[in-house]
There are 2 protein chains.
Amino acid sequence: MELIYHNKTKSHYSRTEQMDTLSFTPHDHSACIADAVRTAEQTCRESGLRLTAQRKRVLEILLSGHRAMGAYDILDILKEEGQTAQPPIAYRALDFLVQHGFAHKVERLNAFIACAHPGEDHAPAFLICSDCRRVAETPSAPARALLAEAAAEAGFRIDTAVIEAVGQCPDCAEPAA
Amino acid sequence: MELIYHNKTKSHYSRTEQMDTLSFTPHDHSACIADAVRTAEQTCRESGLRLTAQRKRVLEILLSGHRAMGAYDILDILKEEGQTAQPPIAYRALDFLVQHGFAHKVERLNAFIACAHPGEDHAPAFLICSDCRRVAETPSAPARALLAEAAAEAGFRIDTAVIEAVGQCPDCAEPAA
DNA sequence: GCTCCGACTGTTATAATATAACTTGGAGGC
DNA sequence: GCCTCCAAGTTATATTATAACAGTCGGAGC
């Protein structure tokens, strides 16, 4: 299992810019995993949640790709690590992570991805690259506001909204590197 | 199979207002089905597409509810009508209808819904009522524009976008009728 | 310490959604 | 008529997800 997928050197953006679209920019990935896990641990401690070994491991697996992963992809990895790993194991951990904002479900892919901004209260939009399957989060507040407006005119009250774009990420849109 | 689901008399809107959110407003449903089928027939004739009996029947089934229906819901109805109806029958018809804009897939529900505006070139947002599962289309152009802007900043080129809101429709939000 | 409780995990089974692959049929062009 | 192509029929299987129940573990209260 390769842990660093996108440390290519060519990019439209410097490492310090555009951190909102982490997934499409080069960065120190192992540090990024460690950070995210630490944030999750702290958040759980503060909120009285239990980041058990299973949940933490699943979070790490998700973090290792900045890529949407199916529940069964995760199960396969758990199995390689020697666990029995029946489906509910993965789904329960994923439910926990999604429910508490450490991960998101990408509806379009029936897959899951680690949250790029754990701890912050946010409802992101996803940019899904149809070529490499990498997924980035992008701010969705403005789009959500307009959507809520349109909904209100219809007398509809929005609880949650799924906003997912499919297209080409910067790397895959370029002819070559 | 009840064909008219929401001809309730109470609504925030008159019949002639808010036609963009057809699904949450009372209207003459059998006429609405006939209209949509006619539009589809004409569009196919003009474009050299074949609206076969199967495809037409699946479209009618979808239209009968203004509701998202799973492929297997449709299969069940086809079976009741005497067909053998294996999954590919439904999926192929749905693929055709979605591909040519006569129906949409609601990713959040893994389900399908007839297009409320066939013939018009549009990419709607969906308003999904979590209580009654009815689904309305609402204009999404403004929200899409903002999303495209945010994506462009990340160097991402959007091909298609899924915009789906879950919440309460006018009827279900009211305490009672 | 003990016990109870509630939350998490383990396990089996199965449901729900979707597609692959190959065969048969039927409409239209030539 | 015959060929071609696309659609429909059919079998099998892949993929995604949940139900249901039994076992385990840790902390709260006594």
Side-chain angles (χ1 to χ4, degrees), chain A residues 40-41 44-45 47-59 61-62 67-79 81-100 102-113 128 133 135 162 164, chain B residues 40-41 44-62 67-79 81-100 102-113 128 133 135 162 164:
Chain A
E41 282 171 338
C44 286
R45 222 176 300 120
S47 312
L49 301 171
R50 291 167 60 185
L51 188 64
T52 62
Q54 295 261 29
R55 291 166 176 177
K56 184 169 157 184
R57 185 69 200 109
V58 170
L59 177 58
I61 291 169
L62 283 179
R67 222 181 212 73
M69 302 183 75
Y72 285 76
D73 296 334
I74 290 166
L75 274 176
D76 286 344
I77 293 173
L78 292 176
K79 279 178 190 159
E81 294 175 355
Q83 298 202 231
T84 329
Q86 295 303 309
I89 298 294
Y91 281 103
R92 283 176 193 148
L94 289 166
D95 284 350
F96 173 88
L97 295 172
V98 168
Q99 181 152 8
H100 297 101
F102 305 125
H104 303 290
K105 178 163 189 188
V106 183
E107 297 290 343
R108 176 68 186 237
L109 302 175
N110 291 322
F112 301 84
I113 188 165
I128 304 164
R133 216 193 182 196
V135 177
V162 173
E164 299 176 354
Chain B
E41 282 172 339
C44 287
R45 222 176 301 122
E46 289 166 359
S47 312
L49 302 171
R50 290 166 61 184
L51 187 65
T52 61
Q54 295 262 28
R55 292 167 174 175
K56 184 170 158 185
R57 185 69 200 109
V58 170
L59 177 58
E60 286 167 354
I61 290 169
L62 282 179
R67 223 181 211 74
M69 301 183 75
Y72 285 76
D73 295 334
I74 290 165
L75 275 175
D76 287 344
I77 294 173
L78 291 175
K79 278 178 190 157
E81 295 175 353
Q83 298 201 231
T84 327
Q86 295 303 309
I89 298 294
Y91 282 103
R92 289 203 278 242
L94 289 167
D95 284 350
F96 172 87
L97 295 172
V98 168
Q99 180 151 6
H100 296 100
F102 305 125
H104 304 289
K105 178 163 189 187
V106 183
E107 297 290 343
R108 176 67 188 240
L109 302 175
N110 290 321
F112 302 84
I113 187 166
I128 304 164
R133 216 194 178 193
V135 178
V162 173
E164 298 176 354

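Below, read A as the first sequence line, B as the second, and so on, with proteins coming before strands; counting in each chain starts at 1. These numbers come from a predicted model, not from an experiment.
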In whole Å, what is the span from the [atom1] atom of [X] to the [atom2] atom of [N]?
X      : N       : atom1 : atom2 : answer
Q86(B) : dT13(D) : CD    : C1'   : 13 Å
I89(A) : dT18(D) : CD1   : C1'   : 14 Å
L75(B) : dA8(D)  : CG    : P     : 14 Å
K79(B) : dT10(D) : NZ    : C1'   : 13 Å
F96(B) : dA7(D)  : CZ    : C1'   : 11 Å
L94(B) : dA7(D)  : CG    : P     : 15 Å

Nearest-0.5 Å distance, [atom1] of residue [X] to [atom2] of residue [Y]:
X       : Y      : atom1 : atom2 : answer
Y72(B)  : Y91(B) : OH    : OH    : 5.0 Å
L109(B) : R67(B) : CG    : CZ    : 12.0 Å
F102(A) : L59(A) : CZ    : CG    : 8.0 Å
F112(A) : D95(A) : CZ    : CG    : 7.0 Å

Could you write out each protein N or O paired with an N or O of nucleotides 19-25 of chain D at a distance under 3.5 Å?
unit_1  : atom_1 : unit_2 : atom_2 : d
dA20(D) : N6     : R92(A) : NH2    : 3.2

For F96(A), ring-ring contact (aromatic ring centres under 6.0 Å, His included) partners two or more places apart:
H100(A)

Less than 4.5 Å apart, any side-chain heavy atom of L62(A) and any of L94(A)?
yes

Under a 4.5 Å cut-off applied to non-hydrogen side-chain atoms, are H104(B) and V135(B) in contact?
no

The criterion is side-chain contact (heavy atoms from CB on, under 4.5 Å); which residues satisfy it with [X], sequence neighbours excluded?
X       : result
N110(A) : K105(A), N110(B)
R92(A)  : P88(A)
A85(B)  : L75(B), L78(B), K79(B), Q83(B)

Those residues that, when tested against R57(B), pass side-chain hydrogen bond (donor to acceptor under 3.5 Å, both in side chains) (two or more places apart)
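For R57(B), the residues satisfying side-chain hydrogen bond (donor to acceptor under 3.5 Å, both in side chains) (neighbours in sequence not counted) are E60(B), E81(B).
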
Stem finding on DNA chain C, please: runs of three or more consecutive Watson-Crick or G-U wobble pairs, both distances under 3.5 Å, sorted by first number.
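The stems are C:1-30 with D:1-30.
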
Selection residues 45-56 of chain B - residue pairs positive for side-chain hydrogen bond (donor to acceptor under 3.5 Å, both in side chains), sequence neighbours left out:
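The answer is E41(B)-K56(B), Q42(B)-E46(B).
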
Protein-nucleotides 15-17 of chain D N/O pairs under 3.5 Å:
unit_1  : atom_1 : unit_2  : atom_2 : d
dA17(D) : OP1    : K105(A) : NZ     : 2.5
dA17(D) : OP2    : Y91(A)  : OH     : 3.1
dA17(D) : O5'    : Y91(A)  : OH     : 3.4
dA17(D) : N7     : Y72(A)  : OH     : 2.5
dA17(D) : N6     : Y72(A)  : OH     : 3.1

Walking along DNA chain C from 5' to 3', note the first and the last nucleotide with an atom under 4.0 Å from a heavy atom of chain B, and give both.
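It runs dT17(C) to dA21(C).
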
Of R55(B) and A85(B), the one whose closest DNA chain D nucleotide lies more 5':
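Taking each residue's closest nucleotide, the earlier one in sequence belongs to R55(B).
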
For A111(B) and A68(B), work out which heavy atoms get closest and say how close.
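Closest pair (atom of A111(B), atom of A68(B), distance): CB-CB, 3.7 Å.
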
